[in-house]
Amino acid sequence: MISSNEDPFLQVQADVLSLLNTTRPLFASYLRIRSLAPSPTSPELVQSRNELESTLQELSSDLRDLIDSVKAVEHDPYRYGIEIDEVERRRRLVEEVGGEIEDMREELAKTVASADQRRSQNASSGGALPHPSAFDDLENQGDDYAAFEQQRQLEIMHEQDEALDGVFQTVGNLRQQADVMGRELGEQEELLNDTHDAADRVEGRLKEGLKKMGVIMRKNEAHKTQTQLAFLPRLSRKFNLIEGLRIVNMAEASEAPGVSYEDLAELEKEFDDVELEIVRTQTLLNAPLYAKRHTLISRLPNFWALVVEQAPPDIDQFIQPSDSAVLASALKNIDVSRFEVPPVVSSEKSGSPRSVAITFEFEPNEWFEDRVLEKKFWYRRAKDGWTGLVSDPVKINWKEGKDLTGGLTDAAVAAFEAENNRAKSAGAANGAKQKGKAATEIKTPEQEVLVKLAAENAQGSFFSWFGFRGRRLTAEESAEAVEEEEERRAKLRRGEKVHSGAGKDPAGSGGQDPMEDDLEDEEEDIIFPAGEELAIAISEDLFPAALKYFTQAQEQPDASDIDFEELNTDEDEEAGDLNELLHSDKHGIDGEEEGPKKKRKA
């Protein structure tokens with residue numbers, strides 16, 4: 001908001017009112033001299049007229065500045081921090097001052113009628129002096145002008161009182177805003193203090209890990225030097241230098257107790273544990289801020305549509321032109337939650353903070369019946385060391401003839417349900433692993449349909465992502481893999497000898513060929529191969545940085561007519577421009593100037 005000391009209108013207004021107060025006595029003096037002047041060329045009348053014209057010219061110049069200022073702010077007064085009532089007051093002030101100046105100019109344009117009439121009277125009377133009663137009209141005229149001047153002064157004082165009331169109201173609003181900002185700053189300070197405390201704890205653990213790494217590296221370097229000195233003389237007699245060094249390194253790897261790959265892998269996992277704790281703490285600290293952001297952006301029309309318009313390439317590449325039409329006209333809100341993180345700090349063991357739920361909220365639209373589409377991703381671990389996100393297909397209730405995925409999401413849900421039913425029918429006696437194995441040996445008819453539809457819809461819709469499932473890994477299998485990994489790490493910390501995870505059953509399926517398991521996973525991901533990557537991009541980039549992308553959409557310069565004509569050569573790309581769809585109702589297609597350049601599909 002522009003303060004009263006910095007508002008140029010108020011400064012020029014003060015100059016105009018001051019100059020107008022100076023002009024009024026000059027105008028009154030001019031009227032008096034004109035009524036008594038014997039001739040239009042009277043030196044006193046000419047001098048008074050010139051002074052008045054010069055003052056009016058300067059006053060008109062300042063008035064034009066006020067008019068330009070009013071025109072500049074009246075279209076969007078809130079942009080400059082000005083209320084509608086203040087704009088109306090400024091408009092009335094400009095009109096009243098302009099009318100008074102025009103009245104003065106009209107008086108200047110009149111002829112000196114009184115002087116001509118007096119000359120004719122003198123000529124008829126032989127130059128006799130007028131009767132004393134003839135001066136009564138002049139005195140009455142003076143009294144009328146004094147009353148007019150007094151009335152005008154009262155009006156100006158009333159306008160000044162209204163202006164002061166507006167200033168007081170504005171100051172009161174500023175004070176309230178300052179109080180609110182003060183409270184918010186206090187809350188932010190508390191959150192920052194909590195963040196600093198968490199960062200200090202993490203920093204301590206990182207330093208401890210780096211210290212362990214330094215000790216391991218020093219031990220390894222010392223042992224390496226001793227081994228080389230002991231073996232090089234003997235080896236150089238039989239082999240060349242390069243072969244000797246290779247054997248030294250092999251001996252170190254098999255006999256040296258200083259360091260092993262397991263030690264390095266364990267240290268890397270400790271770093272990963274620290275990162276998880278950071279994500280968990282950050283989730284709790286960000287929760288009230290995201291809630292506050294949601295309250296603010298709910299009053300901004302098309303906020304999330306503009307954010308998606310500015311989405312980074314790893315998200316934008318999956319949005320087709322038909323998807324852009326849905327997102328631009330119907331997208332209402334996007335929310336991301338770490339549903340396995342408890343809402344308060346707890347010492348009890350909880351799920352992974354990498355598990356995430358992404359929720360899309362839509363207005364009623366012509367494509368589907370759903371108002372909310374939620375896609376959940378669980379972070380899982382397999383016994384072969386694989387980690388990643390898995391999900392269940394989400395049913396979208398498409399309206400007739402409006403399915404943008406070509407039936408792919410419906411087929412994904414049907415195949416998922418058929419597989420679950422077949423796994424249940426296999427019998428509880430075979431165990432969960434045998435169920436999973438039996439479910440993948442022979443494709444169901446629903447899976448055959450899914451494979452066919454996936455091949456026909458190679459250029460998939462963004463909404464096909466809701467059919468993504470990922471690797472076939474149950475919660476029970478993941479829990480077993482996590483438990484085995486924790487036991488293996490515990491043995492390493494106690495200094496016990498453990499086998500590498502790669503030497504175990506790769507898939508945890510009783511000797512199943514890992515190549516077959518990879519083929520099964522690959523087949524499962526035919527719906528949306530990059531489903532996990534897209535979920536990570538939305539939850540870790542688009543959602544946290546939504547305000548940044550919205551600001552970028554507002555700051556994009558308008559394109560010229562030539563740029564629009566060049567971009568309009570591709571109708572598919574133009575249809576995919578979210579910014580055009582958002583504003584076409586206001587400007588029309590022919591007059592639309594393309595806003596942010598949407599990143600096109602390759």
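Everything numeric here is computed off the predicted structure, so don't read it as measured data.
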Show your working on side-chain contact (heavy atoms from CB on, under 4.5 Å) between D179 and R183 and close with a plain yes or no. CA-CA 6 Å; D179 293 339; R183 289 194 297 270; 4.1 Å; yes
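- Figure legend: R89 and F9 shown without cation-pi pairing, the cationic atom not lying both under 6.0 angstrom from the six-membered ring centre and within 45 degrees of its axis.
- Using a 4.5 Å cut-off on side-chain heavy atoms (C-beta onward), T281 and D194 make no contact.
- Atom CD of E189 has 12 or fewer heavy atoms from other residues, nucleotides or ligands within 6.0 Å.
- Contact record, L17 with L93: CD2-CD1, 4.2 Å, taken as the closest heavy-atom pair.
- When atom types are taken as modelled, the side chain of T551 and the backbone of L547 share a donor-acceptor pair closer than 3.5 angstrom.
- Applying the 6.0 Å contact sphere to CD of E533 captures more than 12 heavy atoms from other residues, nucleotides or ligands.
- Without hydrogens or angle criteria, D323 side chain to F462 main chain gives a donor-acceptor distance under 3.5 Å.
- Note that CZ of R201 and CD1 of I278 are 11.0 Å apart. Values are rounded to the nearest 0.5 Å.
- R354 places no side-chain N or O within 3.5 Å of a backbone atom of Y379 that could act as its donor or acceptor partner.
- Residues L327 and F362 are in side-chain contact: their nearest non-hydrogen atoms beyond the backbone lie under 4.5 Å apart.
- Open room surrounds NZ on K332; 12 or fewer heavy atoms of other groups in view lie less than 6.0 Å from it.
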Before you tell me yes or no, could you show the steps for E83 and T170 under side-chain contact (heavy atoms from CB on, under 4.5 Å), namely the whole-Å CA-CA distance, both residues' side-chain angles and the distance that decides it to 0.1 Å? CA-CA 9 Å; E83 300 293 336; T170 302; 5.5 Å; no
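- Aromatic ring centres of F466 and W398: separated by at least 6.0 Å.
- Within a 6.0 Å sphere centred on NZ of K71, heavy atoms belonging to other residues, nucleotides or ligands number 12 at most.
- Around the NZ atom of K452, the shell of radius 6.0 Å holds no more than 12 heavy atoms that belong to other residues, nucleotides or ligands.
- Distance check: R381 CZ to E486 CD gives 9.0 Å after rounding to the nearest 0.5 Å.
- In this structure, the side chains of E369 and K399 come closer than 4.5 Å at one or more pairs of heavy atoms.
- In this structure, CZ in F377 is found 7.5 Å from CD1 in I538, a value given to the nearest 0.5 Å.
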V70 vs I67, test: side-chain contact (heavy atoms from CB on, under 4.5 Å). Steps then yes/no. CA-CA 5 Å; V70 171; I67 294 174; 5.8 Å; no
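- Just one residue in the list N397, V326, D403 forms a side chain to side chain contact (heavy atoms under 4.5 Å, CB included) with F368, and that residue is V326.
- Separation of atoms CD (E532) and CZ (F468) is listed at 6.0 Å; rounding is to 0.5 Å.
- The closest donor-acceptor contact from the side chain of W465 to the backbone of G531 lies under 3.5 Å.
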Please determine whether side-chain contact (heavy atoms from CB on, under 4.5 Å) holds for the pair E159 and R92, giving the CA-CA distance in whole Å, both sets of side-chain angles, and the decisive distance to 0.1 Å. CA-CA 10 Å; E159 292 175 356; R92 289 198 307 270; 6.0 Å; no
